[in-house]
Protein chains: 2
Amino acid sequence: MRTLSRATIYCLRALIYVASRNEKDKYVSIGQISEELHISFHFLTKTFQTLTQQGLLTSHRGPQGGIMLNKPVEEIFLIDIVLMLEGQNFFDKCLLGLPGCGEAEPCPVHNFWKDVKGALKKEFEETSLADLAAGIANKTMRI
Amino acid sequence: MRTLSRATIYCLRALIYVASRNEKDKYVSIGQISEELHISFHFLTKTFQTLTQQGLLTSHRGPQGGIMLNKPVEEIFLIDIVLMLEGQNFFDKCLLGLPGCGEAEPCPVHNFWKDVKGALKKEFEETSLADLAAGIANKTMRI
DNA sequence: TATATTTGAGATTCGAAAATCTCAATCGTC
DNA sequence: GACGATTGAGATTTTCGAATCTCAAATATA
């Protein structure tokens, strides 16, 4: 079950890593994240750019530069990250990929899928970066 | 939110179409399905082959040939189709795509995602082809 | 101000899924 | 038995997301 794109997955892993370091008001180097997590550096810069443009992160060039979360990890939710990277219409898509599907002209699985998406969205809305990072306290855990 | 592959989507649309025709013990031509639903003929034959090999369908070559459901539509569930086409491990995958993730060594989102997948799987298990086809009674509905 | 470090941005390459094409196998009908 | 209709199977091409590469812009530090 492939739900998120690679870009989102990488970014999520990176943000969980950043959150777990819990260093406020300090830039974390993208290069360092890339090395620690074995994620393509250039791939990361691209996704971080998007999040910076959308206001979730602040970035800083030059030595001691990097990225920094703009809000406390308790106030950043999974849904924010996913919508910013996958697009605001992430939860609006039809299971069968039918372009015309909607409330006005629902496909056979429209209502079924609407419920499923609603439940998933609720989970994403209630799960913060702090929740996700909490699991990482255990050092043996791999991200 | 992209959940199913194109192959599965096409097959699902095709099976809903077949189910909605409600013609027992009669072969439905793949060519006809392809034309009606504007789905690539060769793509359909491929996915139907898989379902035939796995016992969900019976196929028949030659004139008046086609495919036929092996069970009543009430007894074919969404989960069957999805697992046959996407693979039996469809609901086992890690949200972050981490290969080592599992009960023994869970990733930060493992338990969160396990619950979500469990709920989705349950929905798929409880939704039959008959349920999906029921919506099609309305002729204006597009599949 | 010179330099090393780091992100920004876009071009290019790679690979897997998607789509198409070709021919073989099967079978009803005449 | 010949022919046309239809699925079976695999090869080939196309497309698009993923990954890489290259250079520009910014800035801390000495």
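Just so we're on the same page: letters track the sequence lines, and every chain starts at 1.
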Student: Distance check needed: D/dT7 C1' versus B/Met68 CE, whole Å only.
Tutor: 14 Å
Student: Classify every nucleotide of nucleotides 14-30 of chain C by which part a protein heavy atom approaches to under 4.0 Å, writing B for the base, S for the sugar-phosphate alone and - for neither, in 5'-to-3' order.
Tutor: ----SBBBB--BBBS--
Student: Does D/dA9 have OP1 or OP2 sitting under 4.0 Å from an N or O in the side chain of B/Gln49?
Tutor: yes
Student: Return the value, rounded to whole Å, for the distance between atom CD1 of A/Ile39 and atom P of C/dT7.
Tutor: 14 Å
Student: Does B/Tyr27 belong to the same Ile/Leu/Val/Met/Phe/Trp/Tyr cluster as B/Ile76, with side-chain heavy atoms less than 4.5 Å apart forming each link?
Tutor: no
Student: Checking B/Gln64 now: which residues fulfil side-chain hydrogen bond (donor to acceptor under 3.5 Å, both in side chains) with it, not counting sequence neighbours?
Tutor: none
Student: Please determine, by modelled atom types, if A/Glu75 and A/Ser128 share a side-chain donor-acceptor pair under 3.5 angstrom.
Tutor: no
Student: Taking only residues two or more places apart in sequence or in another chain, which ones pass side chain to side chain contact (heavy atoms under 4.5 Å, CB included) with B/Glu103?
Tutor: B/His110, B/Lys114
Student: Would you find a donor on one side and an acceptor on the other, under 3.5 Å apart, between the side chain of B/Thr47 and the backbone of B/Ala7?
Tutor: no
Student: Quickly work out the A/Lys26 NZ to D/dA28 P distance and round it to whole Å.
Tutor: 16 Å
Student: Hey, is the main chain of A/Thr3 close enough, under 3.5 Å, to the side chain of B/Arg2 for a donor-acceptor pair?
Tutor: no
Student: Rounded off to whole Å, could you give me the CD1-to-C1' distance for the A/Ile30 and C/dG8 pair?
Tutor: 9 Å
Student: Expressed in angstrom and rounded to an integer, what is the separation of A/Glu86 atom CD from D/dA18 atom C1'?
Tutor: 13 Å
Student: Rounded to whole angstroms, how far apart are CD1 on A/Ile67 and C1' on D/dA26?
Tutor: 17 Å
Student: Ignoring backbone atoms, establish whether B/Gln53 has a side-chain N or O less than 4.0 Å from OP1 or OP2 of D/dA9.
Tutor: yes
Student: Rounded to the nearest Å, what distance is computed from the OH atom of residue A/Tyr27 to the P atom of nucleotide D/dT29?
Tutor: 13 Å
